[in-house]
Amino acid sequence: MRITASLALLTCLTACTLTPRLDQPALSVSASYPAQAAGYQVSNTAGLAATALDWQDLFKDPRLLTLIELALENNRDLRLASLNVQAVQAQYRIQRADRLPSVGVSATAVRERSRATGQALSTEPQEVSKQVGLSVGITAFELDLFGRVQSLSDAALARYLASDYGRRAAQTALVGAVADAYFAQRLAQEQLILAEKTVADWEQSLHLVHLRWQANQTSGLDLAQAQGQVATAQADRDARQRALARADNALQLLVGTEIPDTLPPPLSLESQAAYRQIQPGLPSDLLLTRAELQQAEQLLIAANADVGAARAAFFPRISLTASFGYASSSLNGLFDPSGQIWSFAPQITQPLFQFGRLRGELRVAELRKAEAVAQYERAIQIAFREVADALAGTATYGRQIEAQLRALSSAKRRSDLSTLRYRAGLEGRLEMLDAQRQLYVQRQALLDVRRKQVSNVVALYKALGGGRPAQGLPGT
């Protein structure tokens with residue numbers, strides 16, 4: 001009963017804190033995104049919020065979904081982030097334990113031999129004494145009168161929460177990185193297929209020109225132009241092969257394991273567009289949905305708590321050491337009431353001459369807080385910029401693809417007409433080769449724009465804080 005009452009009293013004494021009030025920094029961005037303010041076709045009401053849309057619902061390609069699953073299981077960066085969460089969680093548990101007294105049990109048994117008092121060592125028999133003891137006590141428990149221990153515990157908790165938000169951000173970033181790498185691989189693959197087909201067509205054309213040259217039906221200039229055209233296409237094909245190999249390597253690094261050969265067949269870039277519209281919301285929504293901003297906020301809270309701990313270091317520290325137990329010369333009489341023993345040793349420590357150390361530590365804590373504020377505001381601005389960029393892409397990529405399709409259609413008509421005019425002798429081979437090159441360039445450009453369009457969907461998804469629905473924090 002006495003121990004319970006003492007602990008209750010200690011709890012009441014530790015209610016004070018010197019941690020300064022934390023005012024949320026103002027949102028240093030506009031109230032709306034530039035794409036919305038400019039009147040682009042960006043809906044703020046239709047579609048789902050990114051946090052309510054699982055990545056498994058965003059993508060339609062079964063091959064990509066399988067690769068993301070493999071990456072979430074095997075990626076080393078995500079594994080390191082998870083291990084960091086566990087380490088910071090353990091550190092928080094250690095710091096939280098300082099808020100309560102540590103109770104220990106001590107059992108002793110002593111046998112001591114000594115000579116009789118006042119007698120020579122060689123003439124008198126030696127005495128043997130025995131003593132056993134059992135006690136329960138607390139050692140150096142700090143009474144947190146000024147909130148130092150509480151502030152340190154709050155800082156540890158905030159850093160633990162920040163590490164978990166960091167893990168969530170890493171997971172969302174990994175999903176987006178795998179998708180980007182996969183789309184880059186699909187682009188390289190489709191561009192290589194187009195390059196190989198072009199080389200085959202132009203080599204066949206070169207063969208025909210060579211036969212005509214041998215028959216003296218065309219000039220050496222036409223043959224040289226055809227040879228140069230084929231050489232250019234072959235060089236481009238080799239570049240596409242290199243790009244595909246690098247894209248494969250980048251994707252495998254992100255997945256973290258050997259990519260199996262049994263994956264589902266891929267979809268073309270044209271079929272990769274997300275089938276759900278993502279709702280951008282308002283810039284203020286990012287504070288609640290984006291893990292990087294929540295991580296920065298928790299780090300700011302931790303820095304603010306460190307200021308409180310540094311302030312409390314100027315005031316006295318009171319610690320208690322106490323024990324209660326029994327001692328006896330034999331086990332049979334150990335719990336006899338006459339053998340009760342106890343000790344109570346309070347200690348107070350007041351810093352006197354620290355030669356500016358405590359003030360320096362407080363100044364460092366205040367600067368760390370100012371740095372955390374700046375990092376928090378910078379994180380908000382970066383998030384705002386990323387969403388704004390993705391929304392600008394959402395508003396323009398569709399129109400760009402439509403224009404690119406028109407350009408491709410025009411280039412194809414020109415190539416067909418130039419081929420007919422060349423065969424009819426109405427224009428030279430140089431004009432036909434230029435038309436064919438332009439057609440090839442427009443086809444490659446269309447593939448590149450399609451890839452950028454699907455990557456922009458991923459960028460918007462990440463910028464808005466999307467990803468697998470957040471799970472609860474590990475047990476504390």
>> Could you go through E431 and R421, starting from their C-alpha distance and side-chain angles, then the distance that decides it, and tell me whether this counts as salt bridge (Lys or Arg N to Asp or Glu O under 4.0 Å)?
In response: CA-CA 10 Å; E431 288 77 9; R421 289 174 61 84; over 6 Å; no

> Is the number of heavy atoms from other residues, nucleotides or ligands within 6.0 Å of CZ (R79) greater than 12?
Replying inline: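 Yes, the 6.0 Å shell around CZ holds more than 12 heavy atoms from other groups.
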
> For Q204, does the CD atom have more than 12 heavy-atom neighbours from other residues, nucleotides or ligands under 6.0 Å away?
Replying inline: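 Counting other residues, nucleotides and ligands, CD of Q204 stays at 12 neighbours or fewer.
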
>> Apply side chain to side chain contact (heavy atoms under 4.5 Å, CB included) to residues F314 and R359 and explain how you reach the verdict.
In response: CA-CA 9 Å; F314 286 89; R359 293 189 180 277; 3.8 Å; yes

> Looking at side-chain heavy atoms only, is the closest gap between R385 and D389 below 4.5 Å?
Replying inline: yes

> Would you say Q225 and L430 make side-chain contact, with heavy atoms under 4.5 Å?
Replying inline: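 Yes, at least one pair of side-chain atoms sits under 4.5 Å.
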
Rounded to the nearest 0.5 Å, what separation is found between the [atom1] atom of [X] and the [atom2] atom of [Y]?
{"X": "R437", "Y": "M432", "atom1": "CZ", "atom2": "CE", "value": "10.0 Å"}
{"X": "Q295", "Y": "R159", "atom1": "CD", "atom2": "CZ", "value": "12.5 Å"}
{"X": "S163", "Y": "L83", "atom1": "OG", "atom2": "CG", "value": "11.5 Å"}
{"X": "W202", "Y": "T232", "atom1": "CH2", "atom2": "OG1", "value": "7.5 Å"}
{"X": "I138", "Y": "L320", "atom1": "CD1", "atom2": "CG", "value": "5.5 Å"}
{"X": "F183", "Y": "E190", "atom1": "CZ", "atom2": "CD", "value": "11.5 Å"}

> Would F59 and L267 satisfy side chain to side chain contact (heavy atoms under 4.5 Å, CB included), going step by step from the backbone distance to the final call?
Replying inline: CA-CA 11 Å; F59 305 115; L267 298 180; over 6 Å; no

> With sequence neighbours left out, what residues match A303 under side chain to side chain contact (heavy atoms under 4.5 Å, CB included)?
Replying inline: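 So A303 forms a side chain to side chain contact (heavy atoms under 4.5 Å, CB included) with K369, A372.
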
> Looking at residues at least two apart in the chain, or sitting in another chain, which of them share a side chain to side chain contact (heavy atoms under 4.5 Å, CB included) with E371?
Replying inline: R368, Q375

>> For a side chain to side chain contact (heavy atoms under 4.5 Å, CB included) check, start with the C-alpha distance between Q252 and D248, then their side-chain angles and the critical distance, and finish with the verdict.
In response: CA-CA 6 Å; Q252 182 164 331; D248 290 340; over 6 Å; no

Between [Y] and [X], is there a side-chain donor-acceptor contact under 3.5 Å, judged purely by atom types and distance?
{"X": "Q444", "Y": "D448", "value": "no"}
{"X": "S409", "Y": "R413", "value": "yes"}
{"X": "T394", "Y": "N456", "value": "yes"}
{"X": "Q453", "Y": "Q400", "value": "no"}

> For E386 and R290, what are the C-alpha separation, side-chain angles and deciding distance, and is it a side chain to side chain contact (heavy atoms under 4.5 Å, CB included)?
Replying inline: CA-CA 12 Å; E386 291 176 350; R290 182 149 169 167; 2.5 Å; yes

